[in-house]
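Since the structure comes first, as structure tokens, the remarks are kept for the end.
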Amino acid sequence: MNFVNPKEKEESKPGVSFIEQIIIDDIRSGKNNGRIHTRFPPEPNGYLHIGHAKAICLDFGMALKHGGKCNLRFDDTNPTKEDVEYVDSIKEDIHWLGFDWEDREFYASDYFGKLFEFAVSLIKKNLAYVDDQSAEVISTQKGTPSQPGQQSPFRNRPVEENLDLFYRMNEGEFDEGSRVLRAKIDMSSPNMHMRDPIIYRIIKIPHHRTGTKWMVYPMYDFAHGQCDFFEGITHSLCTLEFEVHRPLYDWLVEHLKTSDYKPRQIEFNRLNLTYTMMSKRKLLELVKEGNVSGWDDPRMPTLSGLRRRGYTPESIKKFIELIGYTKVEAINDVSLLEYAIREDLNLRAPRVFGVLNPLKVIITNYPEDKIENVAVINNPEDESMGSREVPFCREVYIEQEDFMETPPPKFFRLAPGNEVRLKGAYIIKCEGFKKNEKTGAVEEVYCTYDPATRSGGHLSEKKVKGTLHWVSAKHSVDAEVRLYDRLFNHEDPSGQKDDDYRKFLNPDSLKILKGCKVEPSLASAGHLDKFQFQRIGYFCVDDDSKPGKLVFNRTVQLKDTWAKMTQSQGQKS
RNA sequence: UGCUCUGUGGUGUAAUUGGCAACACGUCUGACUCUGGAUCAGAAAAGUUCAGGUUCGAGCCCUGACAGAGCAACCA
């Protein structure tokens with residue numbers, strides 16, 4: 001035997017993302033006086049989903065890690081799509097994730113005045129003009145990505161006339177769509193966004209914050225970089241699709257800045273998840289069409305949905321840490337998200353007994369009225385969580401799938417002549433069973449128990465292959481259990497040529513089990529309490545749950561190697 | 001047939017200033033287990049899209065291909 005030096009396990013460094021590297025470099029070089037200031041800029045037009053969580057973790061996370069600040073800024077430049085309802089939910093979700101913007105809650109609409117002034121100054125510099133053409137005409141004049149655009153006949157309108165028209169646009173003198181303000185840049189630019197982009201349009205729908213004060217509203221491109229500038233943002237982090245907007249962002253900031261300071265836009269890859277759809281618009285459709293119960297349906301990728309499903313903020317942050325930030329358009333596997341929540345809950349969730357599909361077991365040699373309280377450990381991963389007493393008696397329920405009349409090889413559970421341990425209690429042996437004559441379904445199983453094998457007792461060392469969870473028939477509590485599965489059965493429901501994602505809706509994404517039996521200690525469980533139903537998975541108490549009418553949501557299944565074995569052998573039961 | 005960006009095990013990411021391609025998930029073994037969970041030990045799996053070039057040495061630098069994505073909203 002050769003003697004080898006023990007492997008020196010080098011601390012594998014977490015590896016900073018390219019964005020963090022830029023931030024570190026900027027701090028070192030003293031750029032912006034070494035200041036780090038980011039922002040998270042949601043549009044209040046829907047609920048936050050896990051893709052936003054990726055951005056939130058970066059925006060707030062980088063600030064936190066490098067001694068900077070992160071603002072919350074609602075990008076509310078389009079009153080036709082936005083609503084306060086969303087503002088509140090967004091704030092709640094960010095806090096739930098564990099981030100805080102302190103007193104820096106801003107709105108793009110806070111800057112409407114300044115933005116208007118800036119637009120006026122551009123007009124005065126002959127860098128902006130009012131265009132009277134229709135959307136269609138402007139669009140065709142813009143050309144295509146491979147063909148240059150043509151100049152608008154209004155492009156050389158005199159400054160005074162532009163000024164007059166722009167003011168009158170804001171006074172409501174003109175109809176929506178009749179006139180827009182455009183930046184005068186370059187109609188032949190290879191970048192479509194530089195072909196005299198529209199920067200202001202007329203909208204006469206009241207704004208959720210500014211009411212009817214304004215009749216013209218800035219476009220995203222005319223707001224974002226400037227707001228960053230106004231707030232002193234140093235690193236404006238956004239997703240890859242804004243890459244081509246950056247020259248315009250820079251152009252505008254360049255005309256605004258008064259010193260060396262300017263914000264820098266950096267783009268990273270958006271989150272894509274297998275079997276998941278992230279488009280806000282389509283999620284809204286799912287809600288409106290009743291394919292899900294709401295934005296917080298536990299199958300939704302929204303933060304409110306994940307929360308209700310039983311995900312913890314820690315697990316979501318862990319997942320995001322695992323996938324990283326790059327410029328590659330990747331599609332991440334949901335199983336990694338499931339791994340993250342299992343990891344988290346494994347350490348924190350108390351173990352309990354819950355039987356989803358009950359099958360009655362009668363222990364024929366156990367006294368009729370005897371009741372024993374057996375002690376069961378709450379969490380083998382955490383001794384400090386102690387143990388609890390669970391009542392045991394002559395009749396118990398086990399899981400239907402834990403009994404088979406004619407078991408396949410390596411079936412370690414209950415079968416005629418077979419012995420298993422009821423966890424925390426006794427070893428029992430199957431002596432017989434009763435079948436329903438019509439359906440052939442097993443209705444009752446008859447067992448004997450060995451009194452010497454009580455858990456913890458001195459003779460309890462006897463080994464059996466299988467250990468089953470169970471509940472006392474007399475003491476167990478009824479519960480409804482909602483089994484959730486992926487909402488879509490296609491690996492990439494939003495990446496298909498065929499845009500009708502509805503085709504890929506998984507018909508089995510929700511299975512409601514009514515007659516489940518759980519141990520009595522769960523009777524008083526409160527909303528969002530999380531448990532591991534032993535041998536099954538992690539569950540949390542749903543919002544619909546009430547005392548006497550318990551409802552549990554399955555967050556995620558436990559890994560199940562037996563299921564995998566039986567599947568690969570084609571022995572699905 | 002324009003511009004911009006991106007190509008590293010099955011998947012997602014690493015690889016200090018060019019120096020033996022690393023980690024995680026997943027997969028497969030085995031050990032252990034009163035959860036077929038967890039844990040522990042181990043294995044398979046890429047030679048970095050391709051072709052040239054520079055160099056003692058290239059995933060990294062250069063050239064040229066190829067592939068994918070984004071961009072033509074009065075959305076963000």
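Nothing here was measured: the structure is a model prediction, and the numbers come from that model. No hydrogens, no waters, no symmetry mates; every other heavy atom, side chains included, goes into these values. Per chain, numbering begins at 1; letters A, B, ... match sequence-line order.
Atom C1' of B/C75 sits at a distance of 45 Å from the matching atom of B/A58, rounded to the whole Å. Comparing B/G59 with B/G19, their P atoms sit 9 Å apart, to the nearest whole Å. On the C1' atoms, B/C20 is 41 Å away from B/C3, given to the nearest whole Å. Distance check on atom P: B/C56 versus B/U11 gives 37 Å, rounded to whole Å. Taking atom C1' in both B/U48 and B/U8, one finds a spacing of 4 Å when rounded to whole Å. Rounded to whole Å, the P atom of B/C50 lies 13 Å from the corresponding atom of B/G10. Distance check on atom P: B/C66 versus B/G26 gives 39 Å, rounded to whole Å.
Checking B/C61 for Watson-Crick or G-U wobble geometry (two distances, each under 3.5 Å) identifies B/G53 as its partner. Pairing for B/U17 is absent, judged as Watson-Crick or G-U wobble with the two contacts each under 3.5 Å. Pairing of B/G36, defined by two Watson-Crick or G-U wobble distances under 3.5 Å, is not identified with any nucleotide. Pair assignment for B/C23 gives B/G12, based on Watson-Crick or G-U wobble hydrogen-bonding distances that are each under 3.5 Å. Applying the Watson-Crick and G-U wobble criteria (two distances, each under 3.5 Å), B/G70 pairs with B/C3.
At least one cation-pi condition fails for A/R39 and A/F229: the charged atom is not both under 6.0 angstrom from the six-membered ring centre and inside a 45 degree cone around its axis. A cation-pi arrangement, defined by a distance under 6.0 Å to the six-membered ring centre and an angle within 45 degrees of its axis, is present between A/R486 and A/Y275.
Distances were taken from every side-chain heavy atom of A/R201 (C-beta onward) to each of B/C75, B/A24, B/G26; the shortest belongs to B/C75. Side-chain proximity of A/V244 to the nucleotides B/U39, B/U35, B/G70 is greatest for B/G70. Of the candidates B/G7, B/A73, B/G12, B/G12 carries the atom nearest the A/I331 side chain, counting heavy atoms from C-beta on. Distances from the side chain of A/V328 to the nucleotides B/U13, B/G26, B/U35 place B/U13 closest. In this structure, the nucleotide among B/C74, B/U35, B/G70 sitting nearest to the side chain of A/M219 is B/C74. Looking at the side chain of A/E329, the nearest of the listed nucleotides B/A69, B/A72, B/U39 is B/A69. The side chain of A/P190 lies closest to B/G2, out of B/G2, B/U35, B/G70. Nearest nucleotide to the side chain of A/D333, out of B/C74, B/U11, B/G26: B/U11. Among the nucleotides B/C75, B/G36, B/C74, the one closest to the side chain of A/K410 is B/G36. Among the nucleotides B/A76, B/G36, B/A38, the one closest to the side chain of A/N346 is B/A38.
Applying the 4.0 Å criterion to OP1 and OP2 of B/A38, one finds that A/K559 has a side-chain N or O inside that range. Between A/Y220 and B/C75 there is no side-chain N or O to OP1 or OP2 distance below 4.0 Å. OP1 and OP2 of B/C75 both lie 4.0 Å or more from every side-chain N or O belonging to A/T77. Between A/K465 and the phosphate of B/C34, there is no side-chain N or O to OP1/OP2 separation shorter than 4.0 Å. Contact between the side-chain N/O atoms of A/N78 and the OP1/OP2 oxygens of B/C75 is found at a separation under 4.0 Å. OP1 or OP2 of B/U13 lies within a sub-4.0 Å distance of a side-chain N or O belonging to A/T326. Not one side-chain nitrogen or oxygen of A/K327 sits closer than 4.0 Å to the OP1 or OP2 atom of B/G7. Residue A/R535 places at least one side-chain N or O under 4.0 Å from the OP1 or OP2 atom of B/G36.
Rounded to whole angstrom, the span from the CZ atom of A/F222 across to the C1' atom of B/C75 amounts to 17 Å. Separating the CD1 atom of A/I24 from the P atom of B/U16 is a distance of 14 Å, rounded to the nearest angstrom. Counting to the nearest Å, the P atom of B/C34 and the CD1 atom of A/I398 are 20 Å from each other. If you measure from atom CZ of A/R342 to atom C1' of B/U35, you get 14 Å, rounded to the nearest angstrom. Between A/H469 atom NE2 and B/A38 atom P the separation is 17 Å, expressed in whole Å. Rounded to an integer number of Å, the gap from A/N272 CG to B/G68 C1' is 13 Å. Separating the CG atom of A/L240 from the C1' atom of B/C3 is a distance of 15 Å, rounded to the nearest angstrom. One can place CD of A/E241 at 11 Å from P of B/A72, the figure rounded to the nearest angstrom.
A/D59 and A/T38 share no side-chain donor-acceptor pair at under 3.5 Å. Donor-acceptor pairing under 3.5 Å is recorded for the side chains of A/K54 and A/N269. Defined by atom type and a distance below 3.5 Å, a donor-acceptor pair is missing between the side-chain atoms of A/N78 and A/E82.
If A/R351 and A/N45 are placed on RNA chain B by their nearest nucleotide, the residue sitting closer to the 5' end is A/R351. A residue-by-residue look at A/P41 and A/V464 shows that A/V464 has its nearest nucleotide of RNA chain B further toward the 5' end.
By the 4.0 Å N-to-carboxylate-O rule, A/R246 lies close enough to A/E267 to be salt-bridged with it. The pair A/R348-A/D344 meets the salt-bridge criterion, since a charged nitrogen lies less than 4.0 angstrom from a carboxylate oxygen. Looking at A/R281 and A/E285, a side-chain N of the basic residue comes within less than 4.0 Å of a carboxylate O on the acidic one, giving a salt bridge. Ion pairing of A/R264 with A/D250 is absent here, as no side-chain N (NZ or NE/NH1/NH2) approaches a carboxylate O to less than 4.0 Å. Salt bridge annotation for A/E329-A/R270: absent, with no cationic side-chain nitrogen under 4.0 angstrom from a carboxylate oxygen.
If you check distances only, the side chain of A/H245 does reach the base of B/A76 with a donor-acceptor pair under 3.5 Å. Looking at A/E381, its side chain has no donor and acceptor atom pair within 3.5 Å of the base of B/U39. No hydrogens or angles were tested; on distance alone, a donor-acceptor pair under 3.5 Å links the side chain of A/R413 to the base of B/G36.
Looking at heavy-atom distances under 4.0 Å, A/G466 makes no contact with the nucleic acid at all. If you check every strand for non-hydrogen atoms under 4.0 Å, A/Y325 touches sugar and phosphate atoms only. Across all strands shown, A/P380 has heavy atoms under 4.0 Å from base atoms, whether or not it also approaches the sugar-phosphate.
Ring geometry for A/F392 against A/Y426 counts as tilted: the plane angle lies between 30° and 60°, on a 0 to 90° scale.
RNA chain B is contacted by A/Q133, A/S134, A/A135, A/S139, A/G143, A/T144, A/P145, A/S146 of residues 132-147 of chain A, taking any non-hydrogen atom closer than 4.0 Å.
Applying the 5.5 angstrom centroid cut-off and the 30 degree plane-angle cut-off, the aromatic ring of A/W562 is stacked upon the base of B/G36.
A/V180 pairs with exactly one of A/D132, A/I138, A/V130 by the side chain to side chain contact (heavy atoms under 4.5 Å, CB included) rule, that one being A/I138.
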